[in-house]
Every structure is written in C-alpha cells, then in structure tokens.
Asks: 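Handing you a structure now.
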Amino acid sequence: MTETQKNSIVTEPRGPKPRKIMSRRNIILYGTLLVVAIYYLIPLYVMIVTSLKGMPEIRLGNIFSPPVEVTFEPWIKAWSQACTGLNCDGLSRGFWNSVQITLPSVIVSIAIASVNGYALANWRFKGANLFFTILIFGAFIPYQIMIYPLVILLRDLGIYTKLPGLILIHSIFGMPILTLLFRNYFTTIPEELFKAARVDGARFWGIYFRVMMPMSLPIFVVAIIMQVTGIWNDFLFGVIYTKPDTYPMTVQLNNIVNSVQGVKEYNVNMAATLLTGLVPLTIYFISGKLFVRGIAAGAVKG
Amino acid sequence: MNSIEIKDLSLNFGNVKVLKDLNLSVEKGEFLVLLGASGCGKSTLLNCIAGLLEINEGQIFINNQNVTWYEPSERGIGMVFQSYALYPQMSVKGNLTFSLKNAKLSKEDIEERVKNASEILQIEDLLDRKPAALSGGQRQRVAIGRALVRDVEVFLFDEPLSNLDAKLRTELRVEIKRLHQKLDNTMIYVTHDQIEAMTLANRIAIMRDGLILQLDKPKTIYNYPVNKYVAEFIGSPSMNFLKGKIVPNKIPVFKLEGGWCETPDLSNYKFKEDIKEERQIWLGVRPESIVVGDEAEKFPVKFNLEAEVVEPMGADTLVWSQIGGQEFHFIVDGNSTINSGDSLRVGFDPVHSSIFDLDSEDRL
C-alpha cells in the first residue's frame, strides 16, 4: 500500500463512523449509572463488612472500613446459636420452616393459577368473565380485612398456627395476580394453535400439558420467581398464622434483630439478615434473563 | 352422495347474527371454495363445520352422519390454518403424529401413515426439524401433512396461502390442486383471493354478511354473476359499471347517463324477464370483453372515447378512460401501441355483459 492510499483511507469517510469513547454523552450516562449503582450497593457493602467483624472492632464505629480480622463467627452464631425467646438454635429452624412453607405454596398456587389462566384464555366457558372479574377484584381487597376471618377459618379447619394453614393462605393470596399473569400470557399464544390441537383430538388436559405448557416456560419462571420471593419475604401472614415453633425465617429474623436483652450484636444481626435474603437473591441471579423475557411476554397483551 | 350437508345453520355472537339460515351441500370429492371479503362469515362457517364454534341453530352432516354435537376430532375432518399453527416445541414428526397418538394408534400404523404423508408432500428430509427451522412453504406443507395423516374424508383449509409470498403461493396452489386430484377427498377452502378461488374450485360460494350470494361453477359465476357485488368481486381488473337506463322500444335500448353511445342495441342480452318499461340499470362489462379498433364495428354496442392512462402489464395493457363522465377501463394486447390521449373506437357484445337493477343491484 502506498503512502497516498493510506492517507486517503484516513481522511475520506469510509465504513463505520468512528465514535469517541469519552464523549460528553457517555461521561454523563455512565457517570450517572455508576453513582446510582454505588448508592444502592453501599448498604449491602456495610452489611457484608460488618457481618465479618468481631464485636470489639464494631465498637470502634468505622462502619465503612473493611474488617481487620475476618471472622465467620457471627454467621455461625446467626445460623445455629442466636436466641429468640427460649429457643437458642438460631435461624436454621426458621429457614427450614420457610422452605416447608414456600415450596408447597409455590407449587400449589402456580399449578392452580396456570390452569385457571388457561381455562379463562382458551375455553370461554359460561360465566368466565364474571369469574375473572371476581378474581381480579380479590387482588384489590386490602389484606387487613381478611386477616381475622381467615384466623377463624383456619381454626375451624384445625390448621391454625400450623404450616399447612400458612400454605393454604399463601396459595389463595397468590391466585388473582397469578391467574391474571397466566391468562394474559395464554391469550398471546395464537388461537389457531389451540384449534389445531382440538382438531387433532387433544382435550382440556392434553392441550394444557402437551401444547400450552411446553410453550410457556418464561411465564412459569416469572411466576416461580414472584411467588418464591413473595412468600419467602412475607412477614405479615407469617407472624399472624404461626407460632414460635413454626415461625418462618423472616419472623425469626425480626425477633433476633429486635431483641432488647443484652448487647446488640450488630455483626450477628447483619449475618442473619444476609442469610435470610440469600434465597431470593440466588433465584434472581440464576433466572434473571428468563425473568425479563417472561415479564415482557406477559405484558404484550391484556 | 353428499359429503357435507348443512341445514338452516345460524350462528350469533351476542346480538350479531354472523351466519343466517345457511344451507349448503357439498358432494363427495368436490372442491368447494368459500369466497368473500373479510368479515363475511366464511371462516366462521368453516369453524362451524370443524366443530370449533358451537352453532345456535341448524344441523351439520358429514358423510350422512349428524355431527352437530360432535367434537372436532370426531367429525372426520382435517384442518389447515393460515398461520400454519404447528406446535413449535415438537419436531415435524411430532406435529404429524400428535393426532395419531391422541387417537391411540399402533406404532406401526403411525410410522406407515407418516411415511405415506411425508412422501406425498415431499417432507421426508424435514421430519426431525423443528417448525422454526422451516421456510413458510415447508411449514404449510407440514400443516397439510398433519391433516393428511389423519386419513379423513374432508379437508378444511382456512386461507392456507395468505401468509406466503406470491411465488410460493402459486406453487402451493398448484400442489393443493394436484393433491386434490390424487386423493379425491372433499375439500372446503376459504379464501379472499379470487384467483385461488377460480383456479382451485369445482364450485365457488360467494359470501357476504353471513349469506351465500351465489353458489356455482367458477365460469358461471364469472359469466353470470347474480348481482353487482358478485360481479365486482370476481374478475381482475374488475368489471366496468355504466349507469344508465333501458328503454324498451321495439328492441331494448341502452341510454348512457351523461353520454351517448352509437347503436346501443341490447337485444342480444338474455334478460331473465321481458323489460316492459323504462328502468334504471347498471350495465356491467368486463374489461377483457371489450374490443378496440376496426373490429369494434362488428359489435352491437360501440362508442368513441379517449385513452387517459395506459398501463402496460406485460402480456396485456390496461387502458383507463371515461365515457359520459363514468370510469371505463379495458384490456388490449400487450403489444398494442395505444398512447394516452389517443382517440379510440371500442365495442362489445351485450351477450358478454351483465345488467343489474340500479336499486336492488340484482341481475336482470
């Protein structure tokens, strides 16, 4: 290549337009993003750092400084030794209670709501609109109104303060929003597909399991994330419909953090809080991509 | 023997009457096309036959069996949809075998049927692919295959070619006709494309507002449309309509509104009944039955006009003009040298025209 040719390539516009990385637009855009990200991450940073310090170090008061001596003692204490009331077996009991509450609630509510949504979207049975309206109306009734009647109901059923009672409550309260979610998703699936399946001899359940469900992975993921985080983070129902033996993790966390006796063990409290938040956090990280896809898919058509 | 018989079928969506007291019988092995503009109820009728919509009144017989209350899968029909409606998570083979598995057929039987259908439709190489990896034409072929494997008496097509591009549409149209000739099944085909209708059908049913306006052989519909709507719908470019009146002298004579034409002799036209008094009419003439130049002299009706716009289309040339302030267009040979602004002499034989009452728009 001769010297003149080289020059002509440099001077004459050709190919993609070069862009400056440090343009004013980029600086403002990424600068803002960075500041906001730091703003949201600072509390998490403080929590992690504090949970890895010993109590003498915390008393020095430098909450932003990294731990001089890293210790996992607070985490172990929060998990298996922290006291709530007379029990001193830490958060582990609450964790297993929460697992036993969340898993069945998620499965039951999604199983029922997805079939509801499918029936409402595809099988326009008589009274479908009325049923749907009532269900959606249910989503707008304040929880407080239903708390006491439900206490009586659960007592009469003999499952008040027991785990199945709380599972039932979570399944019912998840129903309106989940049904709406599934119905909206199923209406976006072309109707001709449903018709084709009927001509091909599939019935209600055949179409649901073999045509609709395999096409609906994203919306199932959305529902699972919504329910797992919602039920795991629930405090109100947990504190009302259980007793100390059956407290979910959130309630136990509150009792540990808010206990007024003795010294405030900030490191243990931080560790306990992080432990409690770990489950929803993990789920977000694992399924973030699918979650976004599902949210977008469910939002297209109402 | 009739393959499909529909008696007094009515369907309402709420207060809207979508199909009104419809009667229709289709012979075994016939290819019937339901043709109409969108919203005329043609797809709805097809869905009723398939059993996908519950009807309000009437009866449906398929193979002399009253299937009015049958499930779609029990009616002995196969259906092909506009959007192909292939199950996206299943392979082509999965799509073909879905109905057979639902019917609990034996494995050997299923294999055999899939083999036959895929041979006929030339999709043997595609059996393991997912629908997403197929082209539009291949997808529609698989969709036809899904109806084919079920070994049914009646095929229902719901605008199967509308989603394809023009070239593929022509190819698949021929293929569907070939398939019909080979299988000799009864086929009902819904379309809004008059060319598909003309080329495929043994008989065409033209629908409007939930009613069948005319049910006849394609040529009969083309030559003797029962009303102005049908005449307008069939034929491309569409028919000319000249507004005017008939004056019954010794012979019926046409008087063009706002203009004049020489020897407007309509005595060739076969009126349904004699015209005894003056009547306002539409005189419908197909652009392709108009003759230009010296030859025009031979025809009973002739007049002079000026070419306004000339559109060469290859084989033909379409000339747009006016007569007495009314739009008038006609087709001449593709090699013709007519330019816009030329004065022309044109003529036609009333035998090839259609005359409609101005108000009722029914054929006279």
Side-chain angles (χ1 to χ4, degrees), chain A residues 114-115 117-133 182 184-224 289-290 293-294 296-298 300-301, chain B residues 13-14 43-44 46-54 70-91 94-105 130-132 139 142-150 152 154-160 162-163:
Chain A
S114 62
V115 177
Y118 158 67
L120 285 167
N122 292 306
W123 299 85
R124 292 190 201 102
F125 55 92
K126 231 180 198 166
N129 280 335
L130 182 73
F131 179 77
F132 186 59
T133 314
F182 278 105
N184 286 0
Y185 186 83
F186 287 134
T187 49
T188 62
I189 292 179
E191 206 194 347
E192 290 194 337
L193 215 58
F194 170 73
K195 287 181 176 175
R198 281 190 70 195
V199 172
D200 277 346
R203 299 293 174 85
F204 188 90
W205 294 110
I207 297 175
Y208 174 73
F209 282 114
R210 293 177 56 200
V211 179
M212 292 299 180
M213 223 162 95
M215 294 178 66
S216 314
L217 179 68
I219 206 69
F220 273 94
V221 171
V222 170
I224 288 170
K289 224 181 202 171
L290 275 168
R293 190 148 40 109
V300 175
K301 223 175 178 182
Chain B
F13 288 154
S43 280
T44 312
L46 199 74
N47 278 311
C48 287
I49 298 172
L52 294 167
L53 283 173
E54 250 179 66
Y70 281 29
E71 282 290 311
S73 54
E74 297 164 345
R75 295 188 175 206
I77 50 130
M79 196 158 173
V80 179
F81 297 91
Q82 178 179 355
S83 65
Y84 324 123
L86 299 178
Y87 312 120
Q89 72 277 11
M90 300 179 199
S91 65
N95 270 281
L96 293 178
T97 55
F98 184 65
S99 63
L100 306 177
K101 282 178 184 159
N102 283 330
K104 302 210 163 56
L105 261 62
K130 289 275 169 69
R139 282 181 208 183
V142 175
I144 294 171
R146 206 167 49 177
L148 200 61
V149 288
R150 298 189 52 222
V152 287
V154 178
F155 276 65
L156 306 175
F157 293 90
D158 193 356
E159 308 211 19
S162 299
N163 279 8

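Just so we're on the same page: letters track the sequence lines, and every chain starts at 1. Reckoned from all heavy atoms, side chains included, excluding hydrogens, waters and symmetry mates.
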Asks: Test your reading of the model: is there a side-chain donor-acceptor pair from Tyr87(B) to the backbone of Arg210(A), 3.5 Å cut-off?
Replies: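 Not at all, since once roles are kept as given, no pair shorter than 3.5 Å links the two residues.
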Asks: What part of Leu156(B) is in contact with chain A, defined as an atom under 4.5 angstrom from a non-hydrogen atom: side chain, backbone, both or neither?
Replies: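 For Leu156(B), neither part sits under 4.5 Å from chain A.
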Asks: Please rank Ala85(B), Ala143(B), Gly78(B) by heavy-atom pairs under 4.5 Å with chain A and give me the top one.
Replies: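 Going by pairs under 4.5 Å, I would pick Ala85(B).
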Asks: Report the C-alpha separation of Lys195(A) and Asp158(B) in whole Å, then their side-chain angles, then the decisive distance to 0.1 Å, and conclude whether the side-chain contact (heavy atoms from CB on, under 4.5 Å) test is met.
Replies: CA-CA 12 Å; Lys195(A) 287 181 176 175; Asp158(B) 193 356; 5.5 Å; no
Asks: Could you tell me which non-hydrogen atom of Gly201(A) sits nearest to which non-hydrogen atom of Ser73(B), and how far apart they are?
Replies: CA-CB, 3.2 Å
Asks: Are any side-chain N or O atoms of Glu71(B) and backbone N or O atoms of Arg198(A), one a donor and one an acceptor, separated by less than 3.5 Å?
Replies: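 No, Glu71(B) side chain to Arg198(A) backbone: no donor-acceptor pair under 3.5 Å.
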Asks: Could you pull out the closest heavy-atom pair between Val199(A) and Ile77(B), with the gap in Å?
Replies: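 Heavy atoms only, the tightest pair is CG1-O, 3.9 Å.
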Asks: Tabulate, in ascending numerical order, the residues of residues 98-105 of chain B having at least one heavy atom closer than 4.5 Å to a heavy atom of chain A, or enter 'none'.
Replies: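 At a heavy-atom separation under 4.5 Å, chain A is reached by Phe98(B), Ser99(B), Lys101(B), Asn102(B).
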Asks: Can you tell which part of Glu74(B) gets under 4.5 Å to a heavy atom of chain A, answering side chain, backbone, both or neither?
Replies: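 Side chain only.
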Asks: Taking Ser83(B)'s backbone N and O only, do any of them form a donor-acceptor pair with Glu192(A)'s side chain (distance below 3.5 Å, no angle check)?
Replies: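 Looks like yes, one N/O pair under 3.5 Å.
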